Amino acid sequence: MARYWIYLFHDDVAYSYYDQAEKIVQLLREYQYQPMLKSICRKQIEFITERLSFSRLELGLKEHFVGTVEKNLERNMFVLREKNEEALIIVQKRRLLLVCDYPSLTERIFQTFSHISPFFFAVDLYFHHYQWLLPVADERKFA
């Protein structure tokens, strides 16, 4: 099962750190695993990421995702379905959690987010794999 954190960065941060994504991942890793640094890292993450709008995400998903998009406002989540494949997206204030068992569906969801904004950044739950979600599929590092 694939799980990814997805963040939406401010455009100036994305431009500045596009070639230095490992620095962003280091900050996210420290936030997750270093209790002593958690409050400092949280402030830095809040400064460089955009607050996520459920309605903006819903509009973008419905416009760009080929399958069906169902929302659950009580749980702040979307369920995306395409053919017999399903993925779950949990919306938090400054990040999304994507849970999906299908690599091809994960890739299509990444492409969908890249059409919503070129400043989305995905990192796996263990902070080993990461990438900017760009519209060009050849630039992918993982799926």
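Side chains included, hydrogens not; waters and symmetry mates left out as well; all remaining heavy atoms used. If you're wondering where the values come from, they're calculated on a predicted model, not measured in any experiment. By convention here, the first residue in the shown sequence is residue 1.
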With the side chain counted from C-beta on, respond yes when [X] and [Y] share a heavy-atom pair under 4.5 Å apart, and no when they do not.
X	Y	answer
L88	M77	yes
F121	L133	no
T68	L80	no
L8	R56	yes
T112	L61	yes

For the pair [X] (side chain) and [Y] (backbone), establish whether a donor and an acceptor sit closer than 3.5 Å, ignoring hydrogens and angles.
X	Y	value
H10	T49	yes
D124	Y4	no
S16	V13	no

Report whether [X] and [Y] are members of the same hydrophobic cluster (ILVMFWY, side-chain heavy atoms less than 4.5 Å apart, transitive linking).
X	Y	value
L105	V66	no
L27	M36	no
Y7	L37	no
V79	L97	yes
I45	F47	yes

Taking atom [atom1] of [X] and atom [atom2] of [Y], what is their separation to the nearest 0.5 Å?
X	Y	atom1	atom2	answer
K62	L57	NZ	CG	12.5 Å
L98	R3	CG	CZ	10.5 Å
I40	Q44	CD1	CD	7.5 Å
S53	L59	OG	CG	8.0 Å
Y126	Q32	OH	CD	11.0 Å
Q131	S114	CD	OG	9.5 Å

Would you name the heavy atoms of [X] and [Y] that are closest together and state the gap between them?
X	Y	value
Q92	L52	O-CD1, 3.7 Å
L125	Y33	O-OH, 3.9 Å
P118	L134	O-CD2, 3.9 Å
E50	R94	C-NH1, 3.4 Å
I6	A122	CG1-CB, 4.1 Å

If a pair satisfies ring pair (Phe, Tyr, Trp, His ring centres under 6.0 Å) and one of its residues is in residues 76-108, list it, with sequence neighbours excluded.
-> F54-F78
Could you give all pairs that pass the ring pair (Phe, Tyr, Trp, His ring centres under 6.0 Å) test and reach residues 79-98, with sequence neighbours left out?
-> none
Does the separation of the ring centres of [X] and [Y] fall below 6.0 angstrom?
X	Y	value
Y15	F119	yes
F120	F113	yes
F9	W132	yes

salt_bridge(E85, R108) N-O dist < 4.0 Å = yes
Considering only NZ, NE, NH1 and NH2 on the basic side and carboxylate oxygens on the acidic side, decide whether R81 and E70 come within less than 4.0 Å.
-> yes
Side chains of E30 and Q26: donor-acceptor distance under 3.5 Å anywhere?
-> yes
Cut-off 3.5 Å, side chains only: do K23 and Q20 have a donor facing an acceptor?
-> yes
Are there more than 12 heavy atoms of other residues, nucleotides or ligands under 6.0 Å from atom CZ of F127?
-> yes
Atom CG of D12: over 12 foreign heavy atoms under 6.0 Å | yes
